Structures are given as structure tokens and as C-alpha cells.
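Since the structure is predicted, the reported quantities are computational estimates derived from the model, not experimental observations. Nothing fancy with the numbering, it's 1 onward along the sequence.
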Amino acid sequence: MEEAGDEDGEQGLRLGGVGGGADGEEEVARGVVAPQVLELSSSSSDEEGGSWEEEESQGSVEVTRGGGGDREARVSESRDSAAEVNGGEAESQSLPGCPICMNAWTADGAHRVRSCLERWLLQCRKKPATCPQCGRRFKLNNIINLYAPEISVSNNDLEKQVLSLREKNESLEKQNQELVQEINEHKRQIILQQNFINESSLKRKNEFFLDGARVMGIDASSQIILTSGRAPGIGAEHVLTKLSMSRQGLQKIHLPSDTKAIRDICILPGGHVVFASLGKKLSLLSMTTDSVVLHYDLPAPGWSCSGDQSSPNHIYAGLQNGMLLTFDIRQTVAPLHSMMGLSAHPVHTIHSVVDGGGSRKVISASSIGPCIWDVDGSRNRPDLLNGMENHGVCISLACNPPSSDLLVASFRPKVELSDDGTSQAGKSQSPTPSASGKLGCHALIRRTSNSSFARDQICRGNVSGLRMSKSAIIPCTGRSNQQHLFAYGDESLCGVRTWRLPSLQTFADLRPHRQPILDLRFAESSSTGERYLGCLSEDRLQVFRVR
């Protein structure tokens, strides 16, 4: 490369030229980068020699060769126009270009470096060729190659290639995302198939389609199921629906108008049913006559109820204000014992159990966590189970009465009020990004002594953000290598998910419903040994036989 500098130290690029012959009479014709607006005209005659005159005005240069020639070449370039190369797209004027034709140089093709001088020689034919820039005569062997720092690719192959590769990359990324989704879907289907295979120990027996069901109870001995709900119509009364697992058909049992919504149902031995309602009633229903034979007035709405595992005459009621009441159905006036809870939160779950020493206990749950009660009246308040303080809001408690060796408590994140009064989830746990409930946890609790418990394994699950859900422990006693199962209505599935105990490893997902699971009950017949798991949603009831 040859460079020339002016007096101010600025450098100019020599883009093309011709060199002298053997006689030394010819001088190198230098190519100079054209200004933004350039007009070049030259005329020549057959005479040798001549002179060049340059006139410059207002950003343009005009070069005229005297001598009265009959040939004139004019090249003009506008400041705001772009040259076209081989009929291609316009190129930017900032790129170096040929000072003869003012078009951009290319690395190959018709307009490569030095091609304009060669064409000029061909056009002159036998006439002496003069340099279009300096007017000196030159021959082919006088042309000297000068190399530019940048060469424009006239056909934009590189740019087109980049665009093509970019499109291919976007296409491949899209295909990759689709393949990942397809793989995940295949994995999900495989897991579901494996889980449905595991349903061999939970075989579906019945499926009933209902309307507005909320709570259920199962009598495994007589294969009778009771569900509660509101009758169709505005302002309709609350009713019980009686279903038989052995034959088709259902029966509606109308309740007193002041009963209101039923919160819990418990099947008692001897063909009786006890249920607690928001009408401040604890009622006893005869399965023989399908009518209420006894009811107790409660000081607050009833949220839960249970029979006693060791005494068929004792029943329990958990109230909305946190109290626990003990009743003897042989006494119809008042409860045997009234005990205050640790808080004023509703007692949403009650289980009657027997501890290692044979004493009667009640395991209950409210939003503060699971508690244990002495129901003989020796103590007026319960004890909160150890290690249950910082898991969130307790919404369910599963037990396998009369044993209390294994418990599973379910929690959802606490909702705290910020300084501006708005609610926010606790920092320790966060809600799921979807509308399918919240990301909660299930905690396994083991009995360590007659009155002591300790938290064990924990697993995550999608729980309801509003309801106090039901859960169940399914004892597996048929085979020595089988484990107990924990069942819960998972919000993301709208179905029941089961875990092995005590490992809390996922076991199987039962066939889903269209609506979230509202109630879940396990029942075992004391006479036949038949065991059933019922799961209830607003419009459907499924019953599985447990093997």
C-alpha cells in the first residue's frame, strides 16, 4: 500500500494509479478519494500532451482537459445518493469507492480494483490512453495495484448469510422449545401411566355425579355414603344425600331450616351419624329412619365432629371460636366438658385416639397447628404439638384412629399485612405462579412417647389458598412390605395425590376431577374388613376400594 500525507500530517489513501514505462517518461497517476460532490470531465484529441485545469466551487470539483478533443467523460455523484454495484442494493458513501466511476470497489466480479483502468484502455483501442484523473498517457503494464482498507461486497452475500443464519437460529430455537415441551409431556404421560399402574392397590368402585356437594361420610359396613349440600334453587334448604355403593339411586334427607351449612360428618357405630353445622347445631341422625333424633345447641357454629374410639356414647364438637366440647348422647341437656382452645381460630379437624398408655385423647387442628387434648376434663386447655410453630397456616390433619403414631399436618403460607395495609405472602414461602392454589407443605409427625411428638419428613404440595381441606392416612396391613399411604386433594391436579409413609415419596395420582377436591375420607368395615377411600368435588364423588 502506498500512502501520501499532506503538510498537516493527514493521510490520504491512494486507491489506484499507473506507473511509468521503461523510458521513465510516464509518471504514476494517483487516484484520490472523491469528495462528496464531484464532477469530472475530460476531453482529448489525437495530439499528445495537454494540460489539466481544476475548478472548484461549493463542494464540487471540475477537471477539464484542454486541447479541443472530441471525447468527454463526465462522472457525477450527489451528496445524498448511493451508488449501485452490479445492479445490487445501494451502498453507503462512507465506504471507499473508485475515484473513476465513483462506484464502490469489490473484492471480485466485474468491478474489482483496477478494472476501470483496464476498461478505459479497451475503450481507447488503438488511440493513446490517458489517465481519467491526471491526463497522463499509460499502458497496461503501467497500472499499479493499490489495496484499499475496506472492500464492499456488492452482492451483500455476507449480510444475506448472516440474516439467513439468524433466521435458521431462531427457527432452531423454536424447534428446540417445542421438542422440550414434547419431551416433558411424554415424561408426564409416562409418570401418569406408572401412577395409574400403582392404582392397582386403589381400584375405583363407584362414581357418582352430584350437584353442589361439600362434605361426605362413608359407612363401610353398610356401604352407605352421605353427602351434604344445598338443594337446587335460590334460598333452598341444606339437605343430605344418601347413596348406596351396592345399588343405583339416591335419597334426599331434608334437614331443619335452622341447620344451615354442614361443616363435618362422622359415621358412628350402630347406624348413627353425627354432623356439625354453622347453625350452631350438633345433630344425631338415624340411618334407619333417615331423620334427626337428637341435636345439641352450641355456643358457636360447629366446624368439626367425631365419635369416640373407646366409648360409643361420647361425641366431640370443634367450634368456630376454638372451643372443644364433649357430649354423652345419653345426656341431652348440656355437654360433659367445655374446653377453651389456644386461640379463637376454628377447630376444623378432630380425631379421637388412644395413646400408648390406653388413655383417651383428641387430636385436633386449627390454623395455629395440631393440638392434643385430655378429654376426661383433667385439663382445660390443649397442648400444641412440638415443632409446628413456623410452618404457616395449618389447614388439614390426617390420622389413622385409634392410633396416633403417625400424623400428617398440611400447611399453606401465612398472609401478612404490610405497612400499607395490603396483604402479602410470608417471606419463607411463596404462592405458585398459577391460579392452582398455593405451594404449601405436608409435615409428617411421629409419636415419641405417650404425650410427646416430633416432626419428621416434609414434602411440598399445591394446597388450597382458601379452604380448610381434608386429608387421610390409608393403612396398608395386608402385606408386610407395604407402607401406609397419605392422601390429599392436590389443587394443581383437581384430584387426589398419594404419598408413601414415612418417606413421603409420591406414590400415585388418582383420576382427576373437573373441580378441586373438597372432602376426602377413608373408612374401614369392622365386620367385613372392606376398606374404601372416597374423594368428593362439587359435581362428582369417586369411591376407591383399598386392597
Could you tabulate the donor-acceptor pairs under 3.5 Å formed by side-chain atoms of residues 463-474, not counting sequence neighbours?
unit_1: Ser464; atom_1: OG; unit_2: Leu466; atom_2: N; d: 3.1
unit_1: Ser464; atom_1: OG; unit_2: Arg467; atom_2: N; d: 2.9
unit_1: Arg467; atom_1: NH2; unit_2: Glu491; atom_2: OE1; d: 3.4
unit_1: Arg467; atom_1: NH2; unit_2: Glu491; atom_2: OE2; d: 2.4
unit_1: Lys470; atom_1: NZ; unit_2: His348; atom_2: O; d: 3.1
unit_1: Ser471; atom_1: OG; unit_2: Ser396; atom_2: OG; d: 2.7

Between Asp519 and Arg214, does any NZ, NE, NH1 or NH2 come within less than 4.0 Å of an OD or OE carboxylate oxygen? no
Can you name the side chain to side chain contact (heavy atoms under 4.5 Å, CB included) partners of Val180, sequence neighbours left out? Asn176, Asn184
Checking Pro312 now: which residues fulfil side chain to side chain contact (heavy atoms under 4.5 Å, CB included) with it, not counting sequence neighbours? none
Output all residues satisfying ring pair (Phe, Tyr, Trp, His ring centres under 6.0 Å) with Trp499, sequence neighbours left out; order by chain, then residue number. His442, Phe486
SB check Arg360 Asp308 (cutoff 4.0 Å): yes
Take Ile224 and Met245 through the side chain to side chain contact (heavy atoms under 4.5 Å, CB included) test and state the conclusion after the steps. CA-CA 6 Å; Ile224 296 296; Met245 289 188 282; over 6 Å; no
Give the intermediate values and the outcome of side chain to side chain contact (heavy atoms under 4.5 Å, CB included) for residues Val273 and Leu284. CA-CA 6 Å; Val273 178; Leu284 190 69; over 6 Å; no
Do the side chains of Asp297 and Lys280 get close enough for a salt bridge, i.e. N-O under 4.0 angstrom? no
Ser404: which of Arg446, His351, Arg447, Lys361 passes side chain to side chain donor-acceptor pair (under 3.5 Å): Arg447
Approximate separation, where rounding is to 0.5 Å, of Leu298 CG and Asn321 CG: 9.5 Å
Quiz: residues 260-267 side-chain donor-acceptor pairs under 3.5 angstrom, not counting sequence neighbours:
unit_1: Asp264; atom_1: OD1; unit_2: Arg521; atom_2: NH2; d: 2.7
unit_1: Asp264; atom_1: OD2; unit_2: Cys305; atom_2: N; d: 3.0

Results of ring pair (Phe, Tyr, Trp, His ring centres under 6.0 Å) for Tyr296 - residues two or more places apart only: Phe327
